[in-house]
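Protein chains get the first letters and strands the later ones, always in sequence-line order, with residue 1 at the start of each.
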Number of protein chains: 2
Amino acid sequence: MFTLAEENYLKAIFHLENDYGTGVSTNAIADKMDTRASSATDMIQKLADKKVISYQKYKGASLTKKGKSIAVNIIRKHRLWEVFLVEKLDFQWDEVHEIAEQLEHIKSDELIQRLDLFLGHPDFDPHGDPIPDKNGYIKPTEKKLLSKLKKNQQGICVGVKESSAKFLQYLDTRKIGIGSSIKVIEKEDFDQSMTIQVSNKQFFITKQISENLYLKTI
Amino acid sequence: MFTLAEENYLKAIFHLENDYGTGVSTNAIADKMDTRASSATDMIQKLADKKVISYQKYKGASLTKKGKSIAVNIIRKHRLWEVFLVEKLDFQWDEVHEIAEQLEHIKSDELIQRLDLFLGHPDFDPHGDPIPDKNGYIKPTEKKLLSKLKKNQQGICVGVKESSAKFLQYLDTRKIGIGSSIKVIEKEDFDQSMTIQVSNKQFFITKQISENLYLKTI
DNA sequence: CTTAAAATTTAGACAAGCCTAAAAAATAAA
DNA sequence: TTTATTTTTTAGGCTTGTCTAAATTTTAAG
């Protein structure tokens, strides 16, 4: 069995490997966990002892098969609970992350199985992230960052990369959400800013925004 | 903010005060928490420092107003989650306690408020225990132990005292549940055993059973 | 290729919660 | 009321997960 802290480290390492490739540095982990490098080293060594990560001193860490399976299971639980909070309890999509961070650690396979059924086996969470199935399989989705689109290309918003409450609230004020149709009207080479159209309204957005919105292009 | 351990101690002390009156002994607490008296003493001193219990060395502990309010809130969460598990996820009443023990520590007032609404503001949990309202008020219920009934008296089962899975499963096999109508057919003075009638079937039950079933007499 | 800087690890401490063993206080028995 | 027993507390340790400060290794710069 794994402690809450161990589970959180595994999840952090999973996300870091996903975003920046395999072999995660101690500092990157410490950063993500909002702790000191020395604390991260301690935990990395413990997780290596437990065979859930492979690790060589000074060389970074990677999840083993077992570690990945644990991490994915936590992510599955997190995302299912987010669906529950939004679909059943009517939370907004920017309010659910912190609560799901707690709920993801509840230990009961039966509970998750029944929750999944109750929610109708959802494929995506409220931010458009795919929900791993009970075997840990994550359906690959073809999605593109809005920042990669050229002038006149368009797509449907299928997810957000950043999912801080602030960013999500920003999107809310612009009526951008999962399912929104977005078209690039103008793109500035110099600073990558864009003018986009969302249901016949046009907005000016910075690179910081376009780099955090995933679209499925049509 | 209170730690998981602190919350569990507060809950234990609340239940002990409820069952056996105010001023709970260190041993009783240690027993309930399945730990050693010395560990209980440590925690009692910490809780006293935090002003959630009043305590004098060698004299036992009692919840302060603040401590009681925290304990009741945890119990409210526990019972609401139990309703959720049974009503929405179709768990059996003997399967929900352990999961609710985990869920009761999730920290979010908003979550509980919405869960309560989602469940339709239930008054009782699946074992017949009253759910405190958001102000901590517990509606007093007039219920009687089956063991207190005399021959030919009857009532409706409104709760169980013991709520271990084993006892609940015992009741299931006899088709006794919340709402069942129970009549005392015969009562043995010597060992307090009884013959009872539940929907035109008669059973023989021991004192151990009748002392753990609450009825509302008609 | 040698030195400076950055990243990482080790050493030693600390708080929370638990433990065992021993001391102290309260209660029961003689 | 004095002694024996039980209850409770204290003392000292252990583990988990954190920290700071110092040592070590790796990487980057000159």
Quick one: on DNA chain D, does Lys59(A) or Thr3(A) contact a more 5' nucleotide (nearest heavy atom)?
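Comparing both residues, the 5'-ward one is Thr3(A).
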Using a 4.0 Å heavy-atom cut-off across all strands, classify [X] as base, sugar-phosphate, or nothing.
X	answer
Thr26(B)	sugar-phosphate
Ala37(A)	base
Ser38(B)	base
Thr41(A)	base

[N] phosphate, OP1 or OP2: any side-chain N/O from [X] under 4.0 angstrom?
X	N	value
Tyr55(A)	dT8(C)	no
Ser25(B)	dT7(D)	no
Lys57(B)	dT10(D)	yes
Gln45(A)	dT8(C)	no

Give the rounded distance in Å between these two atoms: [atom1] of [X] and [atom2] of [N].
X	N	atom1	atom2	answer
Met43(A)	dT8(C)	CE	C1'	17 Å
Asp31(B)	dT8(D)	CG	C1'	14 Å
Asn27(A)	dA7(C)	CG	P	6 Å
Ile44(A)	dT9(C)	CD1	C1'	10 Å
Asp34(A)	dT18(D)	CG	C1'	12 Å
Arg36(A)	dA21(D)	CZ	C1'	12 Å
Leu47(A)	dT9(C)	CG	P	13 Å
Tyr58(A)	dT8(C)	OH	P	10 Å

I'd like to know if Arg76(B) and Asp133(B) make a salt bridge, using a cut-off of under 4.0 Å between side-chain N and carboxylate O.
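Salt bridge between Arg76(B) and Asp133(B), a charged N being under 4.0 Å from a carboxylate O: no.
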So if I take every side-chain heavy atom of Ser39(A) and compare against dT10(D), dT9(C), dT18(D), which nucleotide ends up nearest?
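Nearest listed nucleotide: dT18(D).
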Can the ring centres of His97(B) and His127(B) be said to be less than 6.0 Å apart?
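Ring centroids of His97(B) and His127(B) are no less than 6.0 Å from each other.
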Would you verify whether the NZ or CZ of Lys88(A) falls within 45 degrees of the ring axis of Phe118(B) while also being under 6.0 Å from that six-membered ring's centre?
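No.
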Mark yes or no: Arg174(A) above the aromatic ring of Tyr170(A), with NZ or CZ under 6.0 Å from the six-membered ring centre and no more than 45 degrees from the axis.
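Yes, Arg174(A) sits over the ring of Tyr170(A).
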In terms of ring plane angle, is the pair Trp81(B) and Phe84(B) parallel, tilted or perpendicular, where the classes change at 30° and 60°?
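Judged by the thresholds at 30° and 60°, the geometry between Trp81(B) and Phe84(B) is perpendicular.
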